[in-house]
Amino acid sequence: MALLNILHYPDPRLRNNAEPVATVGAEEKQLVADMFETMYSAPGIGLAAIQVNVPKRIIVIDISEDQTQPMCFINPQIKRREGEEQMEEGCLSVPGIYEPVVRYRSIMVQALDRKGSAFELEADGLLSVCIQHEIDHLDGKLFVDYLSEMKRTRIRKKLEKMRRQTL
Ligand code: GNR
Ligand code: NI
């Protein structure tokens, strides 16, 4: 097991497009285990491989309060989307920033699990928001992209300043 380094906005590597996983092999299983460890340690409720600089379509999520509901989505695809809902979002790659974002209220998602078996899941509420947030990461998209240019610039400057102070 290993803790992985999480990239921070505005790192250009967060803009990479993740590639589909051809086969869920030993390397992918190790990555999933390390991603869970990294997400729990952060702590966060989701993590996309792109955030740890691995451009593969792999997501881990656990929205439970006691880390008892680990979920893994490999090559996730949203098959149905319905309604709208606004929720306050944060991101491990945009630390300390929380802003409301409008997303689909409920979705039907198809993916492979950590063993490579296909499954389908209907989600709403926080789980639905989290899955959409993570799939955005796989497409090089961040929740700050839904905010105004002015807000995004302010956030970028704040994080760049934080980064300079810790270097
Ligand atoms: O930990 C996280 N919390 C969160 C809260 C509201 C909406 C989305 C999220 S995902 C985030 C972890 C993260 O950055 N995943 O990419
Ligand atoms: Ni995120």
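Computed from a predicted model, the values in this text were never measured in an experiment. Numbering of ligands and ligand atoms starts at 1, following listing order.
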Out of all atoms in ligand 1, which are within 4.0 Å of some heavy atom of [X]? Include the element for each.
X	value
Glu88	6 (C)
Glu134	10 (S), 13 (C), 15 (N), 16 (O)
Gly44	1 (O)
His137	16 (O)
Gly90	4 (C), 5 (C), 6 (C), 8 (C), 9 (C), 10 (S), 11 (C)
Cys91	14 (O)

Quiz prompt | Test item: Asn16 and Ile50 side chains (from C-beta on) under 4.5 Å apart, heavy atoms | solution =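 Yes; the side chains approach each other to less than 4.5 Å.
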Quiz prompt | Check: Lys161 and Lys158 side chains under 4.5 Å, non-hydrogen atoms | solution =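 No - every pair of side-chain heavy atoms lies 4.5 Å or more apart.
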Quiz prompt | Nearest neighbour of atom 13 (C) of ligand 1 from the list Gly46, Pro95, Ala42, on a heavy-atom basis | solution =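 Looking at heavy atoms only, Gly46 sits closest to atom 13 (C) of ligand 1.
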Quiz item: Any idea which of Gln132, Met39, His133, Gln51 brings a heavy atom closest to atom 8 (C) of ligand 1?
Solution: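 Residue with the shortest heavy-atom distance to the ligand atom: His133.
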Any carboxylate oxygen within less than 4.0 angstrom of a Lys/Arg side-chain nitrogen, looking at [X] and [Y]?
X	Y	value
Lys79	Glu120	no
Lys141	Asp139	no
Arg15	Asp145	yes

Practice problem: For the Ni ion (ligand 2), find the closest N/O/S atom on His137 and give its atom name. | Solution: NE2
Quiz item: What N/O/S atom of His133 is the closest to the Ni ion (ligand 2)?
Solution: NE2
Exercise. Provide the closest heavy-atom pair for Pro76 versus Ala111 in the form atom of the first, atom of the second, distance.
Key: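 In terms of heavy atoms, the two residues are closest at CA-CB, 3.8 Å.
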Quiz item: Taking all non-hydrogen atoms of both residues, which atom of Gln51 and which atom of Cys91 are closest, and how far apart?
Solution: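 Shortest heavy-atom separation between Gln51 and Cys91 comes out as NE2-SG, 3.7 Å.
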Quiz item: Rounded to the nearest 0.5 Å, what separation is found between the CD atom of Gln110 and the CZ atom of Phe73?
Solution: 12.0 Å
Of the protein's non-hydrogen atoms, which lies at the shortest distance from [atom], and what is that distance?
atom	answer
atom 14 (O) of ligand 1	Leu92 N, 2.8 Å
atom 7 (C) of ligand 1	Glu89 CG, 3.5 Å
atom 2 (C) of ligand 1	Ile45 CG1, 3.5 Å

Self-check item: Val52: which of Leu7, Leu92, Leu4 passes side chain to side chain contact (heavy atoms under 4.5 Å, CB included)
Solution: Leu4
